[in-house]
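Structure, as C-alpha cells:
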Protein chains: 2
Amino acid sequence: MGPTSTPSASPLPDALLAHARPVVVRAGEVVFRRGTAAAAVYRVRTGAVRLLRHGRDGEEIVLHEARRGDFFAEASLDATRYHCDAIAAAAGELDRIPAEPLRRLLRTDPDFARAWAALLARQLRATRARLERLSLRTASERVRHLLSTDGVGPACEIRLHGPLKDLARELGLTQESLYRTLARMAAEGVLERGEGVLRFRR
Amino acid sequence: MGPTSTPSASPLPDALLAHARPVVVRAGEVVFRRGTAAAAVYRVRTGAVRLLRHGRDGEEIVLHEARRGDFFAEASLDATRYHCDAIAAAAGELDRIPAEPLRRLLRTDPDFARAWAALLARQLRATRARLERLSLRTASERVRHLLSTDGVGPACEIRLHGPLKDLARELGLTQESLYRTLARMAAEGVLERGEGVLRFRR
DNA sequence: CGTCGCATTGATATCGCTCAAATCCGGTGG
DNA sequence: CCACCGGATTTGAGCGATATCAATGCGACG
C-alpha cells in the first residue's frame, strides 16, 4: 500500500525487542493462515508480506501489503484467530512478536499504548482511503485518487513497488484495463509514466 | 455498517464521561467538516452519523456509518484535522469527547488504552471486510459477502437500517442494480427478503 | 536458446450504469 | 375522506466501461 507504510515507524521499545524473534521467509512462504490462533504480531524488517483472502472462485484479494518497517496482524492482537492469510510477497526477514508480551506492554507502557493506538488509527485511515478509491466507478478516477491520496510532492508521484499487475488488483481492476487507462491518461496529457513511477502532468 | 457496530461498546469510564458533552443534532446536520481541526471524538447516543467524502463530481461516498453506541472520528484522535465530513443521518444525540482529556486518559489508564486499541482494531477489521467486499466484481457476490461477514445466525440474517438505496451505495452499486440482483437471487432461491431483513435460504 | 512472467494490444462479451417511467406508501392538507 | 406529494421501490431499454479471451513482444533467467 505504498505510502501507507508508516514512514518512520516508531522504534520498537527495548522491552518489546527482547521478545521479538526473527523469522526468515522465502517468497511465497506462508507466515500464517486464516483461522489459526492469533499468537503473534509481526513486523517486516526486509521484504514484503501480503495479507489476503480468497473469493469463492479462489481468486486472491489483497487486504494489505506490509513493507519494510510495517507491522502486520496488528488488528489480530485482540482477536483469537487470524482473519486472513499472510504470504510473503518477497523473501525477507520478519520480527515475530508474541501477543502476550505485547499485551503486557500495552498495559504497562502508556507511551507505547499511545503509539500503538496511533498506528492502528493510521492503518484505519489508509484503509478507508482505499475503500473510498474502490467506491469510484471508473478506472481513471481510481488512478487519480491513488495519486491524490498516496502521491508525494506537487506532481503526486507514486513509486510502484511491484508489477503493474499488482497495482491493478489493488485498484480493483484487471491489468489490461489499467494498462489502457494509463495509456489513455498519458495520451491526454494528464499522467506521466517513468521507470516504476507515476505522476501527474500539468 | 450494521454488525460493525460495537455490540457492547465498552462503557465510558467515569473519567471520560466527566468530559463528555451532549450534542443534539437534527437529520442532515453537519457535525464536523473535513479539514477543520480535529478537536474531539464522538459517540452516538441515539440516531446515526455518516462519515463521508465527496468524489470529483460531488457524489457522496460513505466511509462509515456510526449507530447507537458507536464511536466515530476515533481515527482522528492523533490527526490534526478531520479527513472527512460527519453528517447526521438521523436526528439524535451525541457525546462529544474533547481530544485532550481522551489522550490524557489513554496515557494514564492502561485498561482504557487497551480497550481503545481493541476498538480501533475492530474498526480496522470491519473496514477491511468492506474493502474485500468492494473487491468482488459482481453484485451478487457482494450481497453474498455482506451476509456472510455481517449476517447473524445460521441464515446470516441482516437487518437493514435504512432504505435499500443506502445499502446499494455501501455495496458500491446503484439502487437499480441492487434491486435486480436481490430479485434474481430470490428467484433462484438463494435469498429471502423480509421486512427490513435479508437472509439466505437453504 | 528456450521458457516464463510481465507488458501491451485487439476483439468480443457482459455486467452494471444511466435515463425513464410506473407503482406503492406514508404523510399532509383541503 | 380524499387528493396530493415526495421518497422509496420496481421494472424496462440501451449504452458504456470493464472483464474476458486471445495473441504478440520483450526481458530476465536458467
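All chains are named by letter (A, B, ...) in the order of the sequence lines, taking the proteins before the strands, and each is independently numbered beginning at 1.
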Review point. Between Glu132(B) and His145(B), is any side-chain donor less than 3.5 angstrom from a side-chain acceptor?
Key: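 The answer is yes; a qualifying pair exists.
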Check your understanding: Side chains of Arg96(A) and Tyr42(A): is there a donor and an acceptor less than 3.5 Å apart?
Key ->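 Judged by distance alone, the side chains do pair up.
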Let's see if you can work this out: which of [options] has an atom nearest to the side-chain heavy atoms of [X]?
X: Ser177(B); options: dG16(C), dT9(D), dC6(C); answer: dG16(C)
X: Lys165(B); options: dA8(D), dT18(D), dA7(C); answer: dA8(D)
X: Ala139(B); options: dT9(D), dG16(C), dC6(C); answer: dG16(C)

Practice item. Hey, could you give me the CD1/OG1 distance between Ile158(B) and Thr149(B), rounded to the nearest 0.5 Å? Key: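 Reported to 0.5 Å precision, the distance equals 7.0 Å.
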Check your understanding: Rounded to the nearest 0.5 Å, how far apart are CZ of Arg125(B) and CG of Leu131(B)?
Key ->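 Rounded to the nearest 0.5 Å, the CZ-CG separation comes to 15.5 Å.
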Rounded to the nearest angstrom, tell me the gap between atom [atom1] in [X] and atom [atom2] in [N].
X: Leu178(B); N: dA8(D); atom1: CG; atom2: P; result: 14 Å
X: Asp57(A); N: dA19(D); atom1: CG; atom2: C1'; result: 13 Å
X: Leu136(B); N: dC15(C); atom1: CG; atom2: C1'; result: 15 Å
X: Arg169(B); N: dT18(C); atom1: CZ; atom2: C1'; result: 17 Å
X: Leu173(A); N: dT20(D); atom1: CG; atom2: C1'; result: 14 Å
X: Leu134(B); N: dG16(C); atom1: CG; atom2: P; result: 13 Å
X: Leu164(B); N: dC25(C); atom1: CG; atom2: P; result: 15 Å

Review point. Is a donor on one side and an acceptor on the other found under 3.5 Å between the side chain of Thr138(A) and the backbone of Glu141(A)?
Key: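 Checking the backbone N and O of Glu141(A) against the side chain of Thr138(A), a donor-acceptor pair under 3.5 Å is found.
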Review point. Is there a donor-acceptor pair under 3.5 Å between the side chain of Arg103(B) and the backbone N or O of Leu77(B)?
Key: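 Yes, because the side chain of Arg103(B) sits within donor-acceptor range (under 3.5 Å) of the backbone of Leu77(B).
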Within the structure, does a side-chain N or O atom of [X] lie under 4.0 Å from either OP1 or OP2 of [N]?
X: Thr174(B); N: dG16(C); value: no
X: Arg142(A); N: dT18(D); value: no
X: Arg193(B); N: dT10(D); value: yes

Review point. Using a cut-off of 4.0 Å on non-hydrogen atoms, how would the nucleic acid contact of Thr181(B) be classed: base, sugar-phosphate, or nothing?
Key: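 Since no nucleic acid heavy atom lies under 4.0 Å of Thr181(B), the category is nothing.
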Practice item. Just call it for Gly162(B): base, sugar-phosphate, or nothing, with non-hydrogen atoms closer than 4.0 Å on any strand. Key: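 Since no nucleic acid heavy atom lies under 4.0 Å of Gly162(B), the category is nothing.
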Protein and nucleotides 11-16 of chain D: nitrogen or oxygen contacts under 3.5 angstrom:
from    : atom 1 : to        : atom 2 : distance (Å)
dG12(D) : N7     : Arg180(B) : NH1    : 2.8
dG12(D) : O6     : Arg180(B) : NH2    : 3.1
dA13(D) : N6     : Arg180(B) : NH2    : 3.3

Practice item. Decide yes or no on side-chain contact (heavy atoms from CB on, under 4.5 Å) for Arg122(A) and Leu119(A), but give the supporting numbers first. Key: CA-CA 5 Å; Arg122(A) 216 160 28 232; Leu119(A) 183 88; 3.6 Å; yes
